[in-house]
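Note that the coordinates shown come from a computational prediction; the quantities given were computed from them, not determined experimentally.
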Amino acid sequence: MAVKTGAQIIWESLVKEGVEVVFGYPGGTILPTYDAMLDYPSIHHVLARHEQGATHAADGYARASGKVGVAIATSGPGATNMVTGIATAQLDSSPIVCITGQVGTTVIGSDAFQEVDITGVTLPITKHNYMVTRVQDLAGTIREAFHVAREGRPGPVLVDVPKDVQNSKCEFVYPDTPILYPRRRAPAQTPSEQLARAAEMISKAERPVILAGHGVLISGAMQKLIEFADKTQIPVALTLLGLGVFPRQHPLCLGMMGMHGEAYANRAVQSADLLIAVGMRFDDRVTGNLKTYAKHAKKIHIEIDPSEIAKNVRVDLPILGDAYGVLDQLLPLVTSAPREAWHAQIHEWQMETGARDVLRKEEGDGLIPAQVIHSLWQVTEGNAIVVSDVGQNQMWEAQYYRHDIPRGLITSGGLGTMGFALPAAIGAKFARRDAEVWVVAGDGGFQMTQAELATLQQERLKLNIAIINNGFLGMVRQWQEFFYGRRYAATPILSPDFVKLADAHGIAARRVTRREDVVPAIEAARQSAETMLIDFRVEQEDAVYPMVPAGADLHDMIRRPVEPAK
Amino acid sequence: MKHTLVALVEDKPGVLNRVASLFRRRAFNIESLTVGRTHEPAVSRMTILVDTEQTAPNLVEANLMKLINVVDVQDVTALPTVMRDLALIKVKANTSQLAEINQLAEIFRGKIVDVASDSVIIEITGDEDKISGLLDLLRPRGILEMVRTGQVAMVRGSTHQDGNGHN
Ligand SMILES: Cc1cc2nc3c(=O)[nH]c(=O)nc-3n(C[C@H](O)[C@H](O)[C@H](O)COP(=O)(O)OP(=O)(O)OC[C@H]3O[C@@H](n4cnc5c(N)ncnc54)[C@H](O)[C@@H]3O)c2cc1C
Ligand SMILES: Cc1ncc(C[n+]2csc(CCOP(=O)(O)OP(=O)(O)O)c2C)c(N)n1
């Protein structure tokens, strides 16, 4: 039995949890922990340029690997800088553990230097948080924090450790007692009446649609979903965070549904007589107006979190459980059916969408963003991990990069946090050193966290960065165009010369303004052993189509005007 | 309609704050919330009355169960329960009215627990209806102050809810 300081216990515990990399930023109250870090060389520390970046990096690491990401910061401003990153992880059910320094236990509550009640601040945006006031509790708390972060529906957990606790000593034992949480587990065995009823509803349905989301990925149910869809011949529509859980190239795949989803996917949902929702939470960007949402459809909801059931949408058959387990049990009970009429109907809608596709548009003066993304998809053969930012760039990515592989898209869906992409991509690259990682960001969002360019250079990481530069806060400009009479208040945005910015960091970069230069630039980036940034100067006022205005009926879409054929 | 939930929670700092924060964040409409100790030293007990006009009680229950410090939640509305609320009521009264007020209180099994020259304090324990019954009768005399603890509930019979979950 070895006596250790709290600071050492933090690292010992991280080693026990199998942590290889942490993202952080030092400061006064976390100094003992940073000092002890030097004695734990098996864990690599990445110095971010802002604690928000460190938290997004931990999140990106978690989403790319399926493991828990770790971020570390000092008390006060260090901890409050993490808030956006924590909320981002919470809204998207991403497992991260944040460790923060805190002022000494004897001065807590006295407004001591850099004291912030960070457990109070993060209470509503964490799955759980802890303040450890006795060094004897530290190892058990960190162990529980990892368990809570990854268990069931994952989420962020914060552990606040006062400086004197880091300096105190006790015997280090990593406990192995069972952790009681969760008190009520979703049943491993689905009640047979529920399975029978689901099978019956599926066999009776004429126009069924599967709605698959992020929970399929969390559960690791991708293969089961494919088998299930193949056997039943039911088309699959995906949420933004579900992209990749079912191959985009699969004939039954309808792509993304919702506000900027495929028109034919939304039509299928609105015409369906049965929806089978798996691991998705009926976000308002997915449903539009709830009163008119899939009015004719019975609904089966396969979901691990009971508080998501009947939260937004009335469900005829809720099935509480892990997506994999439920699909696995249901699969032998469902019957195969050809569903030819339904497929023909959807195919007709797909053809109509094809006629409007912007990819058919003749070359104009500027680059068309959808075409840039399309080229990126073609050149990378759909195999890259794309980390997208927020806004139009994110939607074009979702529509035109056809994700066939799970974890191929990492993006902030629920919080929609601009500035997420670059730091999250850094984290993703640490998780998947072998993978080709692309950042796709707008000129606005990129500027929010561009300081992380220095982080990636310090780490000598190889990323590929595509800035979809339209000179506007594009998505907001689009709302102003559609709903505020083109009054562009505070949306034109000046950017630095991104090529020079990259150069200042020692990063190679080029600017692309002509269509014929798109593919060569993407290829050059891929071939380079080092990070390369491409500043794509795209059409300034292009819009994302289709669009369901916020709160409107899902079938009430603003469509792109039909393009004449090439 | 009202639903009554009984929650057993770990007796740790900040747990009430977590529960209150959940209700505020989810905009749950809660009529009353009481917290107290139980026979188990590490466990506290909350009785929560949910206004079902605006808030679905099963969502309150499901969200409470997600809190790491919540050990168990049971919706006892449909079960035979004992529900109690305690009220202290200060009413205007001079000495000549004492006997009459005492009689009134006794009908409701309340009692006078303090007498001053121009007022008395009545203590009454009971369910919601009983306490409102007494309050209606006292109101014309002039209620000076009133405090209620909020409802606490326990299921009748030999089943019991403890720190290991209900059974
Ligand atoms: C600009 C912008 C536009 C957007 N437009 C769209 C759009 O058009 N379409 C769209 O879909 N989204 C859109 N979004 C994203 C949207 O806001 C949501 O983030 C997204 O729809 C959520 O997807 P989800 O429900 O699959 O994932 P999550 O929000 O991560 O929810 C996952 C669900 O799965 C459950 N779950 C977890 N683990 C398991 C398991 N093991 N088994 C079963 N269930 C499990 C969870 O409890 C949860 O209910 C947009 C976002 C932005 C920023
Ligand atoms: C931190 C943050 N602030 C504000 C917003 C609101 N918002 C959503 S999209 C958007 C515009 C994004 O512009 P840009 O990054 O240039 O990307 P584009 O839409 O042009 O692709 C804004 C401001 C947000 N999502 N996140």
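- Here P124(A) is the residue among P124(A), G120(A), P306(A) with the most heavy-atom pairs under 4.5 Å with chain B.
- Side-chain atoms of Y181(A) do not come within 3.5 Å of backbone N or O of L67(B) as any donor-acceptor pair.
- Within the 4.5 angstrom heavy-atom criterion, only backbone atoms of I309(A) (N, CA, C, O) approach chain B.
- Residues of residues 44-63 of chain B placed with any heavy atom under 4.5 Å of a heavy atom in chain A are listed by number as L59(B), E61(B), A62(B), N63(B).
- Under the 4.0 Å criterion applied to side-chain N and carboxylate O atoms, D72(B) and R183(A) are not assigned as salt-bridge partners.
- Here salt bridge (Lys or Arg N to Asp or Glu O under 4.0 Å) pairs that include residues 15-33 of chain B, with residues two or more places apart or in two chains, are K2(B)-E31(B).
- Atom NZ of K311(A) sits in a crowded spot, with more than 12 heavy atoms from other residues, nucleotides or ligands closer than 6.0 Å.
- Within a 6.0 Å radius of CG in D176(A), other residues, nucleotides and ligands contribute 12 heavy atoms or fewer.
- Applying the side-chain hydrogen bond (donor to acceptor under 3.5 Å, both in side chains) rule to pairs touching residues 109-130 of chain B yields E128(B)-Q151(B), sequence neighbours excluded.
- Between V73(B) and R184(A), the closest side-chain pair of non-hydrogen atoms falls below 4.5 Å.
- Residue-environment remark: CE (M65(B)) exceeds the threshold of 12 foreign heavy atoms within 6.0 Å.
- Taking non-hydrogen atoms and a 4.5 Å limit, the residue list of residues 131-158 of chain A in contact with chain B, ordered by number, reads E144(A), V148(A), R153(A).
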